[in-house]
Amino acid sequence: MGLLPCPLPGDSHATNSSEDQSTLSIHLHSKSSSSLSSQSSLPTVPSLTPQQSQPLDQSPTPAHRCCVATLSGHSSYVSSLALAGEFLYSGSSDGEVRAWNRSPPGSDAGHAVAAAAISTSAVKSVVASGDKLFTAHQDHKIRVWRIDADGRYRLATSLPTLADRLARLFLAKNYVEVRRHKKCTWVHHVDAVSSLALTHDGSALYSASWDRSFKVWRVSDFRCVESVERAHDDAINAVVVSRDGLVYTCSADRKIKVWRKESHQRKHALVATLERHRSAVNALALSEDCCILYSGACDRSILVWERVQDEGRRGKGTDGGVEGEHYMAVVGALRGHTKAVLCLAVAGDVVCSGSADHTVRVWRREGEDRSYSCLAVCEGHAKPVKCLAASVDVDGDGEGSGSPSGSGTRYMVYSGGLDCKIKVWRIWVPPSLTLLTTSICYA
């Protein structure tokens, strides 16, 4: 327990450099170099990206731009990113959380930085809701910060709260065995809290841990209302929650599990176990309609799972529900990274992936045929990309973005790495883009 399934370089304390900004012309290609694709990692899973053979430097056609900014401020590697309103929150391995203004690069207020919160333990995950900021830590705790009206961040409590711990202290039924000859109340995580996820309405917080459990916390009073022990056979690396209540967890045991809690039930029940990866699964992301699940693993592939209604699997599950309603089937893989996929993020109709190969790739589904194109390969990090956040750039009007008329869709992609840097990428996708595109962005 407590060992990362994919060993990563240790904390980096590289000297910070000043913020730099550049706008780079990117070129559209109907095909791209085969050198961009790694050797097939899951040969039994079909690839969703067309075979690529044309050299990257042939037949360039200007199509979109990638505006790059580098945010320096952390003195240790950036382990988590989260978007909330006008702010980007970043957590690092030295326990610091920073709040970055998301104003456009070059504006007077652009990317002003402030140390929002400081703790004594490495930050593993960050989520925000309203006036609350939740951070997960290596020391097994979840910290809750309140954002005051003047913009200051104040530590409100740590989870489990003192009241929660005392309420479970005296009854034997509240204790679970965490290792041989050692017991603890079920409200405690006993290893690093690796991931956090909020429900769509913000009423509940899910936490996943390397102790192989996930827990549910009521946001209104910060009480732990449920714990699913031994949810996996190894450390849980990520948890995501869909709008309709399905919970997905992934683990170093190579499995993805799907959970659901019906209104008449007290606890979440296992709905399905998804097993196609050959190595530790590091990251999960859901499409905005929650019908597609993306999973990234140490096998270098991103698997694409779609929710299907398989009549052949219909029948009563362990939760008394219908298995077919929740079944996920793998439809293919996105290949291109040459090392482990460490993080994923979804914005609109694109999915972004960060890897130990130091790159960020931006993918988009094309039509109804389930094929995907790689829109961009963003290169600039000196070390593995550990975390991502992405959003549709609703404020973009096309000016200065490479769009001559302002049409198309722009995306903002934020990547944090073991090089202690956060990079900001602006990707513009023209409306007429139908061919496979691969653009390389250099920071």
Side-chain angles (χ1 to χ4, degrees), residues 4-6 37-51 194-195 197 208 212 214 230-242 246-260 269-287 289-315 317-318 323-346 351-357 361 363 365 369-372 374 388:
L4 274 172
C6 287
S37 298
S38 64
Q39 181 181 358
S40 180
S41 55
L42 293 172
T44 60
V45 180
S47 179
L48 296 179
T49 52
Q51 293 296 320
S194 55
S195 180
R212 310 181 189 189
F214 72 87
R230 298 188 178 95
H232 282 268
D233 298 325
D234 209 332
I236 302 178
N237 292 324
V239 58
V240 294
V241 184
S242 71
L246 286 177
V247 178
Y248 301 86
T249 56
C250 69
S251 168
D253 65 7
R254 308 179 185 184
K255 299 174 184 177
I256 301 166
K257 292 190 176 183
V258 189
W259 309 82
R260 184 161 199 158
L270 180 63
V271 173
T273 300
L274 313 180
E275 301 181 73
R276 293 302 292 270
H277 283 290
R278 291 184 174 181
S279 59
V281 188
N282 300 317
L284 298 173
L286 280 168
S287 63
D289 62 5
C290 298
C291 292
I292 302 175
L293 175 72
Y294 302 94
S295 59
C298 290
D299 55 27
R300 309 188 308 280
S301 288
I302 303 158
L303 291 189
V304 181
W305 308 80
E306 291 189 4
R307 196 182 299 188
V308 297
Q309 185 68 51
D310 189 343
E311 296 293 336
R313 290 180 56 93
R314 291 182 67 89
T318 57
E323 283 189 1
E325 292 179 355
H326 316 311
Y327 178 63
M328 301 290 289
V330 66
V331 296
L334 306 180
R335 296 187 172 95
H337 286 296
T338 58
K339 293 185 179 180
V341 178
L342 302 179
C343 49
L344 296 168
V346 168
V351 57
C352 308
S353 56
S355 170
D357 65 11
R361 285 178 175 257
W363 315 81
R365 179 169 175 163
D369 61 355
R370 291 179 172 172
S371 67
Y372 283 75
C374 183
L388 286 171

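Just so it is clear, the model here is predicted, and its values are computed rather than measured.
A donor-acceptor pair under 3.5 Å is absent between the side-chain atoms of R361 and the main chain of R335, judged by distance alone. A donor-acceptor distance shorter than 3.5 angstrom exists from the side chain of R307 to the backbone of C290, with no hydrogens or angles considered. No donor-acceptor pair under 3.5 Å is formed between the side chain of T49 and the backbone N or O of L334. With hydrogens and angles disregarded, no donor-acceptor distance shorter than 3.5 Å links the side chain of N282 to the backbone of N237. With hydrogens and angles disregarded, no donor-acceptor distance shorter than 3.5 Å links the side chain of S353 to the backbone of L344.
You'll find the side chain of V304 reaches within 4.5 Å of the side chain of I292, heavy atoms only. Within the 4.5 Å cutoff, the side chain of T44 has heavy atoms near those of the R276 side chain. For the pair I302 and V351, the minimum side-chain heavy-atom distance is 4.5 Å or more. In this structure, the side chains of L286 and V346 stay at 4.5 Å or more apart for every pair of heavy atoms. Contact annotation: the side chain of S371 never approaches that of L48 to less than 4.5 Å [non-hydrogen atoms, C-beta and beyond]. Contact of the V258 side chain with the L293 side chain is not registered, since no non-hydrogen atoms from C-beta on lie closer than 4.5 Å. Inter-residue side-chain proximity for L274 and V330 is flagged as unmet; no heavy-atom pair is nearer than 4.5 Å.
Taking the six-membered ring wherever Trp is involved, the centroid distance between the rings of F214 and W259 falls below 6.0 Å.
For A340 against C298, the heavy-atom pair with the smallest separation is CB-CA, 3.6 Å.
D233 has a carboxylate O that lies under 4.0 Å from a charged side-chain N of K255, or vice versa, which qualifies the two as a salt bridge.
Taking the six-membered ring where the residue is Trp, H277 and W305 present tilted rings, their angle falling between 30° and 60°.
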